[in-house]
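To start, the structure under review is shown below, and the notes come after it.
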Amino acid sequence: MNREHPCRRHDVVIIGAGIAGLTAAHLLLKARPDLDLLVLEAKDRIGGRLLSKPVRCADGEVRQWCFGGTWASKTQCNLLELLKEMKIETFEQYRQGIKFVEMDNTVTQYEGGVPTIGLLNLLDLNLTLQALERQATGLKTSQPDQVERMDQDSVKSAVQRLTSREESELFLRGVVAPVLQGSDERMSQIHALNVAQSSGGFEKLFKDAQELRVDGGAQRITERLAESVGPARLRLGWPVAEIRQSTDNDDENFRGEVCLLSESGDQLTSCLVLCTLPLASLNLVKFRPTLPPSKQQLANNCPTVSHTLKTIITYANAFWRQAGFSGEILSCQGQPTNPQSVSGSISVCYDACSRDGAHPALVVLASSGADRTASPNERREALLNHLARFFPKEDVFNFIDYAEHSWCSEPYHSTCMASAVSVGCGSLLLSPELSKPFHRVHFAGSDMADEWIGYMEGAVQSAKRATAELLQAL
């Protein structure tokens, strides 16, 4: 079992080399260049929920494309400030032209921001969104008994209760699915309300969350941050299995220290620790003493299996743009192309062309019912057939490259969005203890954010908050 020199004690150890962990490391070293700081990452790559993978393009060259967090908003000041510092540019998501919406097995087209789902459905949808906005706005000031009642509702049951028309219910659940990326039958409505409240409301969340794309892919952010932090302070392939904090009854040698053990038994010590793991991954670590009950219960009730399947399809030309379409598709529980499987169900599709348009591509997020048991070839065939309901089949199948990433098979991560909290435990998200330090262990990450929970903005905001805590504690 490998251990560092017994006299070596780090000032700060950060668990997780995603955008939150590396932002915190960058900010800490800016404020205190003398710090003995180490960033631990369980996987063999940095980035966390930001991931780029090589995909062949129209010119035959291989380029990096986003398979994790992708978009930013013009109102996300913390992220935009970081991008400016890292000298990374953004560009607007392409949305010009006609869009598609699919309700059951009916495909309709529309332009602008209002889908063609019928006047009565739009009125019902508007009333439902107003009710949800009121609930989200008043969430933090709601009485405990009211919160407890709300926590008994799943997202699905809440939408069913608030809508009066089947079509508007179907549409709203279809809109929510790619935003929250989880089973709306098991997910607490408080989780959805909390995410919306942190983003400025449901309307802002639905309209603004996909405004901007990061030039060259979002993982560039963590790559630039890692360069700033320096390779000597970054250790990959070091999954933390246990965190021990000293108490009055502990051995004198560990008093005032945090001891971290890896899955292979390696050990190191630090004065302070910043944990940036998602809520759904906290159960992978044994805490001694154990975490506060509210935080532990949340970790126990975040489903660890995600249905998120993200696919990039490259083409020789952007045939959808040429035909006057934006490439945007919202499918609200459309009929599967194979009645025995929903492996190819599209949830949403967007134009994913490069900034200059020279490398045409579409990005598809599979629905929350995606069949994870299907083979890659089966999933590809089903998804392309579904895509062919909206565009000419000969164009859809004449692709350059097709690449997918299943987040349910990603080690140490179950999703590229916020950890979804189950019915009955959503009220714990409102606890002031959620992001507070636990003795010498501090917490950050998009799940622990006050703003834009589940998004890059939330990760950066939480890193700033945690950095201030650590600097004060040092």
Would you call [X] and [Y] a side-chain contact if the rule is heavy atoms closer than 4.5 Å?
| X | Y | answer |
| --- | --- | --- |
| W65 | K53 | no |
| V348 | I329 | no |
| L365 | L309 | no |
| R95 | Q210 | yes |
| M456 | Q76 | no |
| L79 | I221 | yes |
| I15 | V273 | yes |

What heavy-atom pair brings [X] and [Y] nearest, and what distance separates the two atoms?
| X | Y | answer |
| --- | --- | --- |
| C425 | Q297 | SG-NE2, 3.9 Å |
| L428 | S294 | CD1-O, 3.8 Å |
| M448 | L434 | SD-O, 3.5 Å |
| I453 | S198 | N-OG, 3.0 Å |
| A158 | D153 | CA-OD2, 4.1 Å |
| E111 | G97 | CG-O, 4.3 Å |

- Does F67 have K310 sitting over its ring (NZ/CZ under 6.0 Å from centre, angle to axis within 45°)? no
Those residues that, when tested against [X], pass salt bridge (charged side-chain N to carboxylate O under 4.0 Å, His left out) (two or more places apart):
| X | result |
| --- | --- |
| K84 | none |
| E169 | R173 |
| D124 | none |

- Item | side-chain contact (heavy atoms from CB on, under 4.5 Å) against A318, all qualifying residues, sequence neighbours excluded | W320, R321, C353, P360
- Item | Residues that T106 engages under side-chain contact (heavy atoms from CB on, under 4.5 Å), provided they are two or more places apart | T108
- Message: Let's go through T137 and Q197 carefully: what are the C-alpha distance in whole Å and the side-chain angles of both, what is the deciding distance for side-chain contact (heavy atoms from CB on, under 4.5 Å) to 0.1 Å, and is it a yes or a no?
- Response: CA-CA 6 Å; T137 302; Q197 182 272 331; over 6 Å; no
- Message: So for atom CD, which belongs to Q64, do other residues, nucleotides or ligands contribute more than 12 heavy atoms lying within a distance under 6.0 Å?
- Response: yes
- Should we count CD of E148 as having more than 12 external heavy atoms under 6.0 Å? no
- For side-chain contact (heavy atoms from CB on, under 4.5 Å), just list the numbers for L80 and L212, CA-CA rounded to whole Å, side-chain angles, deciding distance to a tenth of an Å, and then say yes or no. CA-CA 10 Å; L80 295 179; L212 303 172; 4.2 Å; yes
- Stepwise, does the side-chain contact (heavy atoms from CB on, under 4.5 Å) test hold for V364 with L383? CA-CA 9 Å; V364 177; L383 191 147; 3.7 Å; yes
Using distance alone, with no hydrogens and no angle criterion, decide if [X] and [Y] have a side-chain donor and acceptor under 3.5 Å apart.
| X | Y | answer |
| --- | --- | --- |
| R63 | S354 | no |
| E457 | N78 | yes |
| S431 | K295 | no |

Between [X] (side chain only) and [Y] (backbone N and O only), is there a donor and an acceptor less than 3.5 Å apart?
| X | Y | result |
| --- | --- | --- |
| S157 | V155 | no |
| R45 | G48 | yes |
| H386 | I346 | yes |
| N194 | I190 | no |
| S188 | G424 | no |
| R224 | L83 | no |
| K99 | G112 | yes |
| N300 | Q296 | yes |
| T314 | R56 | yes |
| S326 | E328 | yes |

- Message: I'd like to know whether the aromatic ring centres of W71 and Y350 sit less than 6.0 Å apart in this structure.
- Response: yes
- Task: May I ask you to check whether F391 and F100 place their ring centres under 6.0 Å from each other?
- Result: yes
- Flag the pair E102 and R389 as a salt bridge only when some basic side-chain nitrogen lies within less than 4.0 angstrom of an acidic carboxylate oxygen. yes
- Task: Taking only Lys NZ, Arg NE, NH1 and NH2, and the carboxylate oxygens of Asp or Glu, determine whether R379 and E404 approach each other closer than 4.0 Å.
- Result: yes
- Sequence neighbours excluded, every pair satisfying side chain to side chain donor-acceptor pair (under 3.5 Å) that has a member inside residues 14-27: H26-E85, H26-S228
- Separation between CG (L277) and CG (N283), nearest 0.5 Å, reads 11.0 Å
- Pairs where residues 64-83 contributes a residue and the test salt bridge (Lys or Arg N to Asp or Glu O under 4.0 Å) is met, not counting sequence neighbours: K74-E92, E81-K464
- Can you tell me which residue pairs pass the salt bridge (Lys or Arg N to Asp or Glu O under 4.0 Å) test with a partner in residues 391-400, sequence neighbours excluded? none
- Task: Could you tell me how the ring of H405 sits relative to the ring of W407: parallel (under 30°), tilted (30 to 60°) or perpendicular (over 60°)?
- Result: perpendicular
- Task: Could you tell me how the ring of Y402 sits relative to the ring of F399: parallel (under 30°), tilted (30 to 60°) or perpendicular (over 60°)?
- Result: tilted
Quiz: residues 138-147 side-chain donor-acceptor pairs under 3.5 angstrom, not counting sequence neighbours:
| unit_1 | atom_1 | unit_2 | atom_2 | d |
| --- | --- | --- | --- | --- |
| T141 | OG1 | G138 | O | 3.2 |
| S142 | OG | G138 | O | 2.7 |
| S142 | OG | L139 | O | 3.4 |

- Task: Decide side-chain hydrogen bond (donor to acceptor under 3.5 Å, both in side chains) for D351 and Q93; before the verdict, give the C-alpha distance in whole Å, the side-chain angles of both, and the deciding distance to 0.1 Å.
- Result: CA-CA 8 Å; D351 179 295; Q93 170 66 44; 4.9 Å; no
- Which residues share a ring-ring contact (aromatic ring centres under 6.0 Å, His included) with F443, sequence neighbours left out: none
- Query: Which residues satisfy the ring-ring contact (aromatic ring centres under 6.0 Å, His included) test with H359, sequence neighbours excluded?
  - Reply: none
- Message: Can you list everything that forms a side-chain hydrogen bond (donor to acceptor under 3.5 Å, both in side chains) with E211? Sequence neighbours excluded, please.
- Response: S73
- Message: Between D151 and Q189, is the side-chain hydrogen bond (donor to acceptor under 3.5 Å, both in side chains) condition met? List the steps.
- Response: CA-CA 7 Å; D151 203 12; Q189 72 157 325; over 6 Å; no
